[in-house]
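Read the structure below first, then the notes.
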Protein chains: 2
Amino acid sequence: MSTNLRIDGARLTSRLADLARIGATPEGGCRRLALTDEDRQGRDWLVGQLETLGLDTRIDAIGNIVGILKGQLDGPAVIMGSHIDTVGTGGRFDGALGVVAGVEVLAALRDAGLTPKRDMAVIAFTNEEGARFHPDMLGSYVWAGGMSVEAAHREVDSEGVGLGSELKRIGYEGAERPGFLPAHAYLEMHIEQGPVLENEGGGLGAVTGIQAITWLELTLKGRPSHAGTTPMAYRKDPGLAAARINIFANELTKTIPHQLANSGVIRVQPGNVNVVPETVVMTLDLRNPQDAPLAQAEEAVRRFCAELSERDGIAITFRDLARFPATPFAEELIAEVERSAGEFGLPIRRMISGAGHDAQMMARLCPTAMVFIPSIGGLSHNPAEFSTDEDMVAGANVLLATAWRVANA
Amino acid sequence: MSTNLRIDGARLTSRLADLARIGATPEGGCRRLALTDEDRQGRDWLVGQLETLGLDTRIDAIGNIVGILKGQLDGPAVIMGSHIDTVGTGGRFDGALGVVAGVEVLAALRDAGLTPKRDMAVIAFTNEEGARFHPDMLGSYVWAGGMSVEAAHREVDSEGVGLGSELKRIGYEGAERPGFLPAHAYLEMHIEQGPVLENEGGGLGAVTGIQAITWLELTLKGRPSHAGTTPMAYRKDPGLAAARINIFANELTKTIPHQLANSGVIRVQPGNVNVVPETVVMTLDLRNPQDAPLAQAEEAVRRFCAELSERDGIAITFRDLARFPATPFAEELIAEVERSAGEFGLPIRRMISGAGHDAQMMARLCPTAMVFIPSIGGLSHNPAEFSTDEDMVAGANVLLATAWRVANA
């Protein structure tokens, strides 16, 4: 029966366009940093959609938004989801598409007058990007029991504003306990955010898992001094040390297979033209499809920093911002995704996810899989992020067919 | 007669301590960024000191504060001065000592009931540090006619706040035309801000001139992308380019004699852990005692950036923040400084100034010289900046003797 079910493609794309107007940027992207007023507007819009569909709509204590379609049985639910927060220079698709697609799946079942055997639900998780609060994937991390609500509420942004107080301010500290809805399976549709599918000639991706991620914050302390009167040999310049670390981490990616590295944050104090810096705070985002080589990369960075500190007299301290092992998804659910694509005659290929997703947190609770659709030019976290309507509808139909089959198995 | 004149050392150090209380930081330093409320308080304190001495006290259109001791003749004045603004992590001596010493010279003459042949004056110049508004030495630059009042008022700080509006806000947009007081000679006492005098066993410095300074702001534009899904080869990372430029500029100092380089400002946008940066703004402070090698250093940096831009696809634009040629001081006045030290039996050595000073602007108008006193540990632009009372009094006595002799010659 599942093959007769279809997403309303026009409604899917128009719903996505409605959400994209909230926090829209002049460049054509979106800026809905977690728990800002723009995020609040996006949340209000989403809750309106869920209630219009007559779904049982709940908010939990970390601000995760849950819309439930009751099934014939009590028991664990087939959950779909993603996030609606964005990075500072975000696009219209990252996260938002997965939430809207989940809404469309439940809307399609409503339209068809179908009631699944198991409960089905869609969740928009809080602060997936980690662009405002650390760690990223915080909402699903708390949902999966990896972090306490109290600890999450104590997180602060770069201005020192607390996550808990922002949740209250925007009115999304809900009554439910995170994880209150038991999970039978989790499915997430997302844009690839990379160039692989497009370069392979299009088609969908059946995601086999998520690569391991380590986020480090380094604080480098030197000695502030006058840039005109302090001989070079007397200087202790943490800015120069940060430059060497950034370059070293990038060079590492040439020697460790599939290794990635990025330094996205570099803050220099006091930040005057004629003052040799006193302190630099920088971050390193290290990723690898496997845990062992990632650990090897981190070890190399720490060894390099220890030598640099010794040689140049720069005090370097490390703080973990995030640390997630490689997350393999459930073989039987990956196979269901492939089967659904086959029923629609859609090309699909297995691939690893380069990005972290809420799915890797949900994989702690239940069999999990993801459907990727191509990102044109491989761009993401960028206003130019784009995927075609055709691919979005194809991905959403695969999500619908797979979720429906699993909910009735 | 000059050798009978003495500074009141206790009053000199207590006046400096009074000024140091304004904008005092927990670390023991001072933070009086130009035209902030702290700067305003320092200015109010200084004007009070000048008026108490019965000096003719004037403010010009750029906020320079002038205290004049009328002489027996009309005509150009012997001017002493420095500045009272500080960098963000400033100390208690940089600039403030030169102003307070000038006040003490005029106070000593008042106490002795002496009237010089020529007018004598002390000036506190606006925004010498350049820590808030560019260029540095702005007040003396405008005084010397290097920049128009209108152009200076249009300068904005990093928050976009205008210099002109801040001058009005703190009540220091005066009625006088900058440069209204003709200069016969200019003398400035200052801490060395470097380690040379201390390493040479102490004693004073007779400054022969100021090294050439070039301040460049570089804006590097790459392509923001996702740090987990964008293969390294696809990235255009301006943060990595900034790191290479910083290291290149520092390596240059090993190949060009006496060359200095500092990157004190590095701002990364959007500044998220998992986003390859889109834009980096960085500064380079390049100095050399001679103009030709400095030009050679800048040329090498620009060539390196052109190659980097070509190779890595990073768009790099340059903006001049400041550009001052090497400034030799007046031989006859340097000799007068040495003679005064000799009269007091104080050791003194000729040296170049590593830092820019208001004296290099005044040198455009009249014979100019400076007196340096040792900076313990060579530290400056640092809360730990320190000079001994003994050295301060010695330097102030040399300033007094030299200014008095020149004012009566």
Side-chain angles (χ1 to χ4, degrees), chain A residues 87-89 129-131 134 136 192-195 211 213 215 223-232 234 237 239-240 242-244 246-247 250 253-254 260-268 270-278 283 285 287 321-322 353-356 375 378-382, chain B residues 87-89 129-131 134 136 192-195 211 213 215 223-232 234 237 239-240 242-244 246-247 250 253-254 260-268 270-278 280 283 285 287 321 353-356 375 378-382:
Chain A
V87 297
T89 59
E129 292 291 0
H134 293 139
D136 56 339
E192 178 199 342
Q193 306 181 270
Q211 68 183 344
I213 301 179
W215 282 8
R223 180 175 58 200
S225 55
H226 191 294
T229 61
T230 312
M232 299 305 293
Y234 286 53
D237 180 354
L240 199 55
R244 297 193 198 284
N246 192 351
I247 289 170
N250 274 267
T253 64
K254 298 173 185 167
L260 300 177
N262 180 57
S263 183
V265 175
I266 303 170
R267 286 193 300 270
V268 176
N272 298 128
V273 179
N274 61 346
V275 182
V276 176
E278 175 173 30
T283 59
D285 176 328
R287 310 194 193 203
L321 298 183
S353 171
S375 294
L379 290 180
S380 185
H381 290 184
N382 185 318
Chain B
V87 297
T89 58
E129 292 292 358
H134 293 140
D136 57 339
E192 179 199 343
Q193 308 181 267
Q211 67 183 345
I213 301 179
W215 283 8
R223 180 175 58 198
S225 54
H226 191 292
T229 61
T230 312
M232 300 305 291
Y234 286 51
D237 181 354
L240 199 55
R244 298 192 197 284
N246 192 351
I247 289 171
N250 274 269
T253 64
K254 298 172 185 167
L260 299 177
N262 179 58
S263 183
V265 175
I266 303 170
R267 288 195 298 273
V268 177
N272 300 127
V273 179
N274 61 345
V275 182
V276 177
E278 174 172 31
V280 172
T283 59
D285 177 329
R287 309 195 195 203
L321 297 183
S353 170
S375 294
L379 289 182
S380 185
H381 290 183
N382 185 319

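- Of the atoms belonging to B:Thr283, it is side-chain heavy atoms, and not backbone ones, that fall under 4.5 Å from chain A.
- Between A:Asn382 and B:Pro224, the closest heavy-atom pair is ND2-O, 2.9 Å.
- At a 4.5 Å heavy-atom cutoff, the contact between B:Leu379 and chain A is made by side-chain atoms alone.
- Contacts between B:Ser380 and chain A at a heavy-atom distance below 4.5 Å involve backbone atoms as well as side-chain atoms.
- For A:Gln211 (side chain) and B:Gly228 (main-chain N/O), a donor-acceptor pair under 3.5 Å exists by modelled atom type.
- Both the backbone and the side chain of B:Asn246 come within contact range of chain A, with heavy atoms under 4.5 Å apart.
- Of the listed residues (A:Val265, A:Leu321, A:Val87), the one with the most heavy-atom contacts under 4.5 Å to chain B is A:Val265.
- Neither the backbone nor the side chain of B:Ile213 comes within less than 4.5 Å of any heavy atom in chain A.
- Remark: side-chain polar atoms of B:Asn262 are not paired, donor with acceptor, to backbone N or O of A:Asn274 under 3.5 angstrom.
- With chain A as partner, the option from B:Gly88, B:Gly378, B:Pro195 having the largest number of non-hydrogen pairs under 4.5 angstrom is B:Pro195.
- Remark: B:Asp136 pairs with B:Trp215, B:Ala322, B:Phe324 by the side-chain contact (heavy atoms from CB on, under 4.5 Å) rule, at least two apart or across chains.
- Nearest heavy-atom pair, B:Val268 versus A:Gly264, reported as atom, atom and distance to 0.1 Å: CG1-O, 3.6 Å.
- The residue among B:Pro231, B:Gly194, B:Ala227 with the most heavy atom pairs within less than 4.5 Å of chain A is B:Ala227.
- Here the closest heavy-atom approach between residue A:Ala131 and residue B:Asn272 is recorded as O-ND2, 3.5 Å.
- Between chain B and the options A:Asp237, A:Ile247, A:Thr230, heavy-atom pairs under 4.5 Å are most frequent for A:Ile247.
- Interface check for chain B: of the options A:Arg267, A:Arg244, A:Arg223, A:Glu192, the most heavy-atom pairs under 4.5 Å are formed by A:Arg244.
- Contacts of B:Asp285 classified as salt bridge (Lys or Arg N to Asp or Glu O under 4.0 Å), with partners at least two apart in sequence or in another chain: B:Arg287.
- Between the NE2 atom in A:His226 and the CG atom in B:Leu260 there is a gap of 10.5 Å [rounded to 0.5 Å].
- Taking A:Leu240, A:Ile266, A:Thr253 one by one and counting their heavy-atom pairs under 4.5 Å with chain B, the maximum is reached by A:Leu240.
- Between B:His134 and A:Val273 the shortest heavy-atom distance is NE2-CG2, 3.7 Å.
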